[in-house]
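See below for the structure under consideration.
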Amino acid sequence: MTPRSRIAPLDVVWRTCDAVPECLGVAHEPYGRCLAHLTPAQAAEFLRGLTRGQALDLRGTLVSEDLLARVLDGVERHLGRARFDRAIFTGPARFGEVVFAGDATFDHAKFDHLASFYGARFLRNVSFREARFLREFSLHDARMCGHATFDHVTVRGDALFGAAQFGAAPPRGTGNASFGRADNGLLPEASSQKASFQRAQFHGFAAFDAAVFHGEACFRGARFHRAVSFRGSDCGASAEFQSARFEGAAYLGPMRVVRRLSLAGVRACAPLHIDTGGCRVVLRAAAVLGRLAARLSDAEVDLRDARLAGLSAVTRRSGRLRVTSLDGLDADALTLTGVDLRACGLDGLRRPEGLRLRECVFAAPPGGLGLRLGWPPVRWWSRRRVIADEHLWRGWAAHGLDEHGAGEHSAGYHGAGPAGDRAPDPARLAVLYERLRPGVDDTRVAADFAFGAMEMRRLGSPRGRGRLLLSLYWLACGYGLRAGRALGWLALVAAVAAGAVCWAAGVRPEGKPAVHRPRVAVVRPAATASRPAHGLGG
């Protein structure tokens, strides 16, 4: 085995430089050496042979700042197929305004100084897989029309992707179908337009402000050691951050996401700000140790098994905001504002007392008259707010919710409890109502929750004296919460009493004339002087 074969990585498939055994630079014929080890005369001859749009192969080559500038001038800053795999840029790498007409690969490349691609144009695919940037990395205002791969990259300095465009917008009238002329190398197909940053390491500040992702943006397993910003960015498909780690503040918005913003399994050690709409936001099994502030519009939120340690808030900005699952949520202090909870079970909350509900929408009993075989056989359902767990337990789910959400309750309900398949229990629902009631800001909703707690306690009690007393309490005054019912009973009792008095005073038996007793008048003589009155003495 030769010395060169011992040091060459297994994925080096090109003929390496003959100058020194340690050099991995691709050998150029007829010299047998890489560009960095050519003699001045050989290098000048090689550079004179360069033309505009020519393919360039500098794999494994040591590229200095002067050598890179001479090469780019030789091709008039317009490259064809460009190969820089395992290249080492010993000086600043300035690719500003360079056009890459063919595929460009920088896999395993190392940039010892600044790597600037400001305003560069990649007309086809570009790959920086496992590249290392020891200083700043800038793709500001760059255009990548095809698939862009940054998997496993390491950026020690700041990473600047502001106003960059990943993928090309489809022409009008084509929709999401494949477009472009892939056969002549001008444009890639739409299905290949994806920006992938899987397991990327950003040690400095990462800025994606005003960046446009025409395809999917994938940051699975990425790690941001400092702040990251996506203000004003636009994602035409899904933005995937599964298992990502944010050690600094993360500003995910205001941004536009068409399909889904997935933060499942993320770990945020600092504040996490989310501002988007018109998509599904997934925070399943996320751990946010700092403050969570989510401002959403026309969106769905999934908080199943999430852990929120700081002050957290999910606020409806406009439109409709629906929470699909809170099962297994462990939140110290979470405020839900303007959220639709009609199809979301709350029995799976680990700490319901940490939930604050403001202007939220809850389910309601079916209105109107109800007939059943039990007691009472006829019942008129009052309009009150109930949680989705009681709605499911009573079997009201099949009736739907309203004209805008009919069927959502039965199709979108995700079960009660962390297991997701546990049936609601009246005794547990009574405790849940009591633990949720202090966090409700609306007095009417709080009263409905108190009523629901008593109702679940009554229905969950065994048949006997206790349940009979609770039933009488419910029938008499609605557990002290229905003043109209108590007044109705009082009016009924008063009416019955008044009727009884009137009946006793005015009704007589028919056919019996009234009996008149004669009065006897007693006339006593007047007293005189010669005959005194009887009993006066004298």
Side-chain angles (χ1 to χ4, degrees), residues 219-224 228 230 238-253 255 257 259-277 279-297 299-317 321-358 360 387-389 412-422 432 435-436 439:
F219 291 85
R220 294 188 182 98
R223 185 167 183 175
F224 301 89
V228 57
F230 283 83
S238 299
E240 307 290 340
F241 290 87
Q242 292 96 328
S243 303
R245 182 162 182 173
F246 302 97
E247 297 185 6
Y251 301 92
L252 305 183
M255 64 184 299
V257 180
R259 297 180 184 173
R260 180 180 66 175
L261 173 60
S262 178
L263 295 164
V266 304
R267 181 178 178 85
C269 303
L272 175 61
H273 301 268
I274 304 174
D275 193 341
T276 185
C279 63
R280 186 170 181 236
V281 180
V282 180
L283 284 162
R284 179 169 295 194
V288 183
L289 305 183
R291 176 183 174 84
L292 170 65
R295 299 179 69 250
L296 309 172
S297 59
E300 294 183 357
V301 184
D302 185 357
L303 288 165
R304 185 185 182 95
D305 297 324
R307 172 72 177 97
L308 307 179
L311 294 175
S312 305
V314 178
T315 306
R316 181 183 66 88
R317 184 176 58 184
L321 176 58
R322 190 166 72 96
V323 175
T324 59
S325 178
L326 293 175
D327 295 340
L329 173 65
D330 187 3
D332 293 343
L334 172 61
T335 302
L336 301 179
T337 304
V339 174
D340 188 348
L341 295 172
R342 289 177 294 181
C344 179
L346 302 178
D347 189 24
L349 288 169
R350 297 186 183 274
R351 285 186 282 180
E353 59 276 0
L355 195 62
R356 301 292 180 267
L357 304 173
R358 298 179 179 176
C360 294
I387 59 177
D389 307 86
Y413 183 79
H414 289 265
D421 54 356
R422 189 174 62 191
L432 179 61
R435 298 176 70 180
L436 288 173

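Tested against Leu252, the residues Leu272, Asp275, Val281 include a single side chain to side chain contact (heavy atoms under 4.5 Å, CB included) partner, Leu272.
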Worksheet item: Between Leu349 and Leu436, is a side-chain contact (heavy atoms from CB on, under 4.5 Å) present by the stated rule, with each step listed?
Response: CA-CA 10 Å; Leu349 288 169; Leu436 288 173; 4.3 Å; yes
Worksheet entry | Stepwise side chain to side chain donor-acceptor pair (under 3.5 Å) test for Arg356 and Thr335 | CA-CA 4 Å; Arg356 301 292 180 267; Thr335 302; over 6 Å; no
Practice prompt. Begin with the C-alpha distance, continue with both residues' side-chain angles, and end with the deciding distance and a verdict on side-chain contact (heavy atoms from CB on, under 4.5 Å) for Ile274 and Leu292.
Written response: CA-CA 8 Å; Ile274 304 174; Leu292 170 65; 4.1 Å; yes
Fill in: side-chain contact (heavy atoms from CB on, under 4.5 Å) between Leu334 and Leu329, intermediate numbers included
CA-CA 10 Å; Leu334 172 61; Leu329 173 65; 3.6 Å; yes
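The two atoms that bring Cys279 and Val257 nearest to each other are CB-O, 3.3 Å, heavy atoms only. Nearest heavy atoms, Leu336 versus Val339: CB-CG2, 3.9 Å. Contact between Glu247 and Ala270 at its shortest, heavy atoms only, is O-CB, 3.9 Å. Scanning all heavy atoms of the two residues, the minimum distance from Gly345 to Ala388 falls at N-CB, 4.2 Å. The shortest heavy-atom contact between Phe241 and Val266 is O-CG1, 3.0 Å.
A salt bridge does not link Asp332 to Arg350: none of the charged side-chain nitrogens sits closer than 4.0 Å to a carboxylate oxygen. In this structure, Arg316 does not pair ionically with Asp340, as no charged nitrogen and carboxylate oxygen lie closer than 4.0 Å. Between Arg260 and Glu240, at least one side-chain nitrogen of the basic residue sits less than 4.0 Å from a carboxylate oxygen of the acidic one, meeting the salt-bridge criterion. Salt-bridge formation is not detected for the pair Arg304/Asp302: no Lys NZ or Arg NE/NH1/NH2 atom is positioned less than 4.0 Å from an Asp or Glu carboxylate oxygen.
We find the CG-OG distance between Asp305 and Ser325 to be 7.5 Å, quoted to the nearest 0.5 Å. Interatomic distance, CG of Leu303 versus CG of Asp330, reported as 12.0 Å (0.5 Å rounding). Glu300 contributes atom CD, which lies 13.5 Å from atom CG of Leu261 (distance to the nearest 0.5 angstrom). Between the CG atom of Leu432 and the CD1 atom of Ile387 there is a distance of 4.5 Å, given to the nearest 0.5 Å. For the atom pair Thr276 OG1 and Arg317 CZ, the distance stands at 7.5 Å (nearest 0.5 Å). Note that the CZ atom of Arg245 and the CZ atom of Arg267 stand 5.5 Å from one another [nearest 0.5 Å].
Of the possible polar contacts, one joining the Thr324 side chain to the Val301 backbone as a donor-acceptor pair under 3.5 Å is found. Although no hydrogens or angles enter the test, the distance criterion places a donor-acceptor pair under 3.5 Å between the side chain of Asp389 and the main chain of Leu346.
Contact check for Leu357 versus Leu341: side-chain heavy atoms found under the 4.5 Å cut-off.
Below 30°, between 30° and 60°, or above 60°: for Phe219 and Phe230 the angle between ring planes is above 60°, a perpendicular geometry.
No more than 12 heavy atoms of other residues, nucleotides or ligands sit less than 6.0 Å from atom CG of Leu311. In Arg358, the CZ atom is not crowded: 12 or fewer heavy atoms of neighbouring residues, nucleotides or ligands sit closer than 6.0 Å.
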